[in-house]
**Q** 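For reference, the structure I am asking about is given below.
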Amino acid sequence: MPSFLFVCTGNICRSPLAEVAMRHEAEKRGLTLDIDSAGTGHWHIGDPPDPRAQRVAHKHGLDASPLRARAVHPEDFHRFTHIIALDQSHLFALQKMRPHNATAELSLMLDHHPKREGDDVEDPYYGPDSGFDRVWKEVEFACKTLATRTLDN
């Protein structure tokens, strides 16, 4: 079965929203999958998602509050079949840390959003709350497409 790791900078905004969106897609299909999120940075390890991210998830009937930030580990490149970066800087960091014998497929989140391939999911952290709603729309749509491509085949 496919497995998914979503990666952003601190693992408190974008990647936790992608994680809960993908968990929701798997649940709708009756699947229990290995789905997680992580950050390229270490400064938020152990922290829950940003309260604004939790509110957006809650608005859509999902609970992000149990999630805790963690950093990407070398073993993630073997544990997961898909590692999905939320922006180009994360993809670059993942390519640099990827072990030579890694099995995970790397991609950008919006590569799974038709007509948005190559685009970044912009970081909402320093902006208005509406940025978290925008992130939700982007990751939810991308996760639906990703689930259709990988889980329904």
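It should be emphasised that the depicted structure is a prediction, and the values quoted were computed from it without experimental measurement. Residue indices begin at 1 and follow the sequence shown. Basis for what follows: all heavy atoms, side chains included, without hydrogens, waters or symmetry-related copies.
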**Q** Dump the intermediate steps for side-chain hydrogen bond (donor to acceptor under 3.5 Å, both in side chains) on Asp87 and His90, then the final yes or no.
**A** CA-CA 5 Å; Asp87 72 27; His90 308 128; 3.0 Å; yes
**Q** Could you walk me through whether Phe141 and Leu146 pass the side chain to side chain contact (heavy atoms under 4.5 Å, CB included) test, one step at a time?
**A** CA-CA 9 Å; Phe141 189 88; Leu146 181 61; over 6 Å; no
**Q** Checking Leu110 against Val121 for the side chain to side chain contact (heavy atoms under 4.5 Å, CB included) test, could you report, in this order, the C-alpha distance in whole Å, the side-chain angles of both residues, the deciding distance, and whether it holds?
**A** CA-CA 7 Å; Leu110 292 182; Val121 175; 3.7 Å; yes
**Q** Apply side-chain hydrogen bond (donor to acceptor under 3.5 Å, both in side chains) to residues Asn11 and Ser15 and explain how you reach the verdict.
**A** CA-CA 6 Å; Asn11 191 213; Ser15 57; 2.8 Å; yes
**Q** Heavy atoms, side chains only, cut-off 4.5 Å: are Asp63 and His58 in contact?
**A**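 In short, these two side chains do not touch, never coming nearer than 4.5 Å.
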**Q** Atom NZ of residue position Lys137 - does it have more than 12 heavy atoms of other residues, nucleotides or ligands inside 6.0 Å?
**A**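 Atom NZ in Lys137 is not crowded, with 12 or fewer foreign heavy atoms closer than 6.0 Å.
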**Q** Roughly how far apart are Arg55 CZ and Asp129 CG, rounded to 0.5 Å?
**A**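 Going from the CZ atom of Arg55 to the CG atom of Asp129 covers 5.5 Å.
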**Q** Side-chain contact test, heavy atoms from C-beta onward, threshold under 4.5 Å: evaluate it for Thr40 versus Val7 and give yes or no.
**A**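 With C-beta onward as the side chain, the pair touches.
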**Q** Show your reasoning for whether salt bridge (Lys or Arg N to Asp or Glu O under 4.0 Å) applies to Glu27 and Arg23.
**A** CA-CA 6 Å; Glu27 184 180 302; Arg23 287 182 183 280; over 6 Å; no
**Q** If the test is side-chain contact (heavy atoms from CB on, under 4.5 Å), which one of Asp34, Leu31, Thr150 qualifies with Met1?
**A**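 Exactly one candidate clears the test, Leu31.
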**Q** Set out, in order, the CA-CA distance, both residues' side-chain angles and the distance that settles side chain to side chain contact (heavy atoms under 4.5 Å, CB included) for His112 and Ser107, then state yes or no.
**A** CA-CA 9 Å; His112 306 285; Ser107 64; 2.8 Å; yes
**Q** Looking at Lys59 and Asp133, what are the two nearest heavy atoms and their distance?
**A**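 That would be NZ-OD1, 2.7 Å.
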**Q** Evaluate the side-chain proximity of His42 to Ile45: yes if any heavy-atom separation is below 4.5 Å, no if none is.
**A**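 The answer is yes, as the side chains (C-beta and beyond) meet within the 4.5 Å cut-off.
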**Q** Indicate the atoms forming the closest heavy-atom contact of Ala21 with Cys143, along with that distance.
**A**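 Closest heavy-atom pair between Ala21 and Cys143: CB-SG, 4.0 Å.
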**Q** Give the cluster check for Phe6 versus Phe92: same hydrophobic cluster or not, with ILVMFWY residues linked at side-chain heavy-atom distances below 4.5 Å.
**A**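 Hydrophobic grouping puts Phe6 apart from Phe92.
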**Q** Quick one: CG on Leu86 to CG on Asp120, what's the gap to the nearest 0.5 Å?
**A**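 Here the interatomic distance stands at 9.0 Å.
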**Q** Quick one, Tyr125 with Arg52, criterion side chain to side chain contact (heavy atoms under 4.5 Å, CB included). Give me CA distance, side-chain angles, the key distance, then yes/no.
**A** CA-CA 9 Å; Tyr125 188 76; Arg52 297 166 293 176; 3.7 Å; yes
**Q** Hey, can you tell me if Phe4 and His82 have their rings parallel, tilted or perpendicular (30° and 60° cut-offs)?
**A**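 The rings of Phe4 and His82 lie parallel, inter-plane angle below 30°.
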**Q** Does Asp50 use its side chain to pair, donor to acceptor, with the backbone of Ile12 at less than 3.5 Å?
**A**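 Checking the backbone N and O of Ile12 against the side chain of Asp50, no donor-acceptor pair under 3.5 Å is found.
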**Q** Look at Asp36 together with Arg70 and state whether they make a salt bridge at an N to O cut-off of under 4.0 Å.
**A**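 Salt bridge present between Asp36 and Arg70.
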**Q** Is Met109 reachable from Phe132 through a run of I, L, V, M, F, W or Y residues, each pair having side-chain heavy atoms under 4.5 Å apart?
**A**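 Cluster IDs for Phe132 and Met109 match.
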**Q** Going by heavy atoms in the side chains, are Arg14 and Val139 under 4.5 Å from each other?
**A**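 No, their side chains stay 4.5 Å or more apart.
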**Q** Flag the pair Asp47 and Arg68 as a salt bridge only when some basic side-chain nitrogen lies within less than 4.0 angstrom of an acidic carboxylate oxygen.
**A**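 Answer for the salt bridge query: no.
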**Q** So which atom in Ser65 and which in Pro48 form the shortest heavy-atom distance, rounded to 0.1 Å?
**A**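 Heavy atoms of Ser65 and Pro48 come nearest at O-CB, 4.4 Å.
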**Q** May I ask you to decide if Ala104's main-chain N or O and Arg79's side chain share a donor-acceptor pair within less than 3.5 Å?
**A**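 A pair under 3.5 Å: no.
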**Q** Using 4.0 Å as the upper bound for N to carboxylate O, is an ion pair formed by Arg29 and Glu25?
**A**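 Salt bridge present between Glu25 and Arg29.
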**Q** Are Ser3 and Ile35 packed together at the side-chain level, in the sense that at least one heavy-atom pair is separated by less than 4.5 angstrom?
**A**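 Ser3 does not reach Ile35 side chain to side chain.
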**Q** Give a yes or no on this: more than 12 heavy atoms of other residues, nucleotides or ligands lie within 6.0 Å of atom CD of Gln95.
**A**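 Buried by this count: over 12 neighbours within 6.0 Å.
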**Q** Minimum heavy-atom separation for Ala53 and Leu17, please, with both atom names.
**A**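 In this case the closest contact between Ala53 and Leu17 is O-CD2, 3.4 Å.
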**Q** Heavy atoms, side chains only, cut-off 4.5 Å: are Met22 and Leu33 in contact?
**A**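 When only atoms from C-beta onward are counted, Leu33 and Met22 do not touch, as no gap falls below 4.5 Å.
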**Q** Can you tell if the side chain of His113 reaches within under 4.5 Å of the side chain of Glu117, non-hydrogen atoms only?
**A**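 His113 does not reach Glu117 side chain to side chain.
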**Q** So, are Glu138 and Arg116 salt-bridged, with charged N and O less than 4.0 Å apart?
**A**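 Yes, this pair counts.
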**Q** Under the side-chain contact (heavy atoms from CB on, under 4.5 Å) test against Leu94, which residue among Asp76, Ile84, Ile83, Leu5 passes?
**A**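 Running side-chain contact (heavy atoms from CB on, under 4.5 Å) over Asp76, Ile84, Ile83, Leu5 with Leu94 returns exactly one hit, Ile83.
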**Q** To check you understand the geometry: which heavy-atom pair defines the closest contact between Ala57 and Ala64, and what is its length?
**A**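 Scanning both residues completely, I find the closest heavy atoms to be CB-CB, 4.1 Å.
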**Q** Working to the nearest 0.5 Å, report the span between CG of Leu106 and CZ of Phe80.
**A**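 One finds 13.0 Å between CG of Leu106 and CZ of Phe80.
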**Q** Taking the side chain as C-beta and beyond, is there a heavy-atom pair between Asn101 and Phe77 under 4.5 Å?
**A**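 Side chain of Asn101 against side chain of Phe77, heavy atoms only: no contact under 4.5 Å found.
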